[in-house]
S.K.: 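Below you'll find the structure I mean.
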Amino acid sequence: QVQLVESGGGLVQAGGSLGLSCAASGRTFSSYAMGWFRQAPGKEREFVAAINWSGGSTYYADSVKGRFTISRDNAKNTVYLQMNSLKPEDTAVYYCAATQVYGGSTRRGAYDYWGQGTQVTVSS
């Protein structure tokens, strides 16, 4: 079992920045690739970013590429999502998730464990 707890959400103006954290406990964190997803009201949960077990490989949804950065610190059992140049359309509940798929995945179904989510609201 892996328990994931997100933090760092909040309200920010368009163009601003926000950093999310996801703390993991339970089984060996470094054996999992990690992902961030988001879900806006009335929409399906969508992929945002993923990172492999070592942090050496990352990839992003086109909608956030160049603005968001995913990273991890295996010594702290934590994965991060730095969000810059935020837009109102980035407003959503953000979830972190863990998968044993090597390198991570864009598919929700590939992830075994999920956090409870943290709200990010970007005002125009």
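This is a predicted model, so every value here is computed, not measured. Heavy-atom basis, side chains included; hydrogens, waters and symmetry copies ignored.
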S.K.: Considering only residues two or more places apart or on different chains, which pairs with a residue in residues 30-84 satisfy disulfide (SG to SG under 2.5 Å)?
M.R.: none

S.K.: Between Q3 and S25, does any side-chain donor sit less than 3.5 Å from a side-chain acceptor?
M.R.: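 Their side chains do contain a donor-acceptor pair, which is all the 3.5 Å distance test asks for.
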
S.K.: In the hydrophobic cluster built from side-chain contacts under 4.5 Å, what are the other members alongside Y80?
M.R.: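 Result for Y80 is none, singleton.
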
S.K.: Can you list the residues that meet the side chain to side chain donor-acceptor pair (under 3.5 Å) rule with R67, with sequence neighbours excluded?
M.R.: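 In terms of side chain to side chain donor-acceptor pair (under 3.5 Å), with neighbours along the sequence ignored, R67 is linked to D90.
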
S.K.: Do D73 and T78 have side-chain atoms, one donor and one acceptor, less than 3.5 Å apart?
M.R.: no

S.K.: What disulfide (SG to SG under 2.5 Å) pairs are there with at least one residue in residues 42-72, not counting sequence neighbours?
M.R.: none

S.K.: Quick one: CD on E6 to CG on L81, what's the gap to the nearest 0.5 Å?
M.R.: 11.0 Å

S.K.: With sequence neighbours excluded, what pairs up with E89 under the salt bridge (charged side-chain N to carboxylate O under 4.0 Å, His left out) test?
M.R.: none

S.K.: Considering residues at least two apart in sequence or located in another chain, which fulfil the side chain to side chain donor-acceptor pair (under 3.5 Å) criterion with S7?
M.R.: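 S7: no side chain to side chain donor-acceptor pair (under 3.5 Å) contacts found.
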
S.K.: Give, for atom OG1 of T91 and atom OH of Y94, the distance between the pair rounded to the nearest 0.5 Å.
M.R.: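 Result: 7.5 Å between the selected atoms.
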
S.K.: Name the one of R45, E46, Q39 that satisfies side-chain contact (heavy atoms from CB on, under 4.5 Å) with R108?
M.R.: R45

S.K.: Any disulfide (SG to SG under 2.5 Å) involving residues 54-124? Give me the pairs, sequence neighbours left out, ordered by first then second residue.
M.R.: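 Passing the test, one end in residues 54-124: C22-C96.
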
S.K.: Minimum heavy-atom separation for S17 to N84, with atom names?
M.R.: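 Minimum heavy-atom contact is OG-OD1, 2.9 Å.
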
S.K.: Using the test side chain to side chain donor-acceptor pair (under 3.5 Å), find all partners of D112 that sit at least two apart in sequence or belong to another chain.
M.R.: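 Testing D112 for side chain to side chain donor-acceptor pair (under 3.5 Å), a comparison that skips the adjacent residues, returns none.
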
S.K.: Which pairs pass salt bridge (charged side-chain N to carboxylate O under 4.0 Å, His left out) with one or both residues in residues 54-64, sequence neighbours excluded?
M.R.: D62-K65

S.K.: Once salt bridge (charged side-chain N to carboxylate O under 4.0 Å, His left out) is applied, do any residues pair with K43, and if so which ones, sequence neighbours excluded?
M.R.: none

S.K.: Tell me every residue that passes side chain to side chain contact (heavy atoms under 4.5 Å, CB included) with R107, counting only those two or more places apart in sequence or in another chain.
M.R.: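 If we apply the side chain to side chain contact (heavy atoms under 4.5 Å, CB included) test to R107, skipping adjacent residues, the hits are S105, A110.
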
S.K.: Other hydrophobic cluster members with F37, side-chain heavy atoms of Ile/Leu/Val/Met/Phe/Trp/Tyr under 4.5 Å, chained?
M.R.: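 Traced through the cluster, F37 reaches F47, Y59, V93, Y95, Y111, W114.
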
S.K.: Of all heavy-atom pairs between F29 and V79, which one has the smallest distance, and what is that distance?
M.R.: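 Shortest heavy-atom contact: CZ-N, 4.1 Å.
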
S.K.: Grab the two heavy atoms, one from W36 and one from S21, that are nearest each other, plus how far apart they are.
M.R.: CH2-O, 3.8 Å

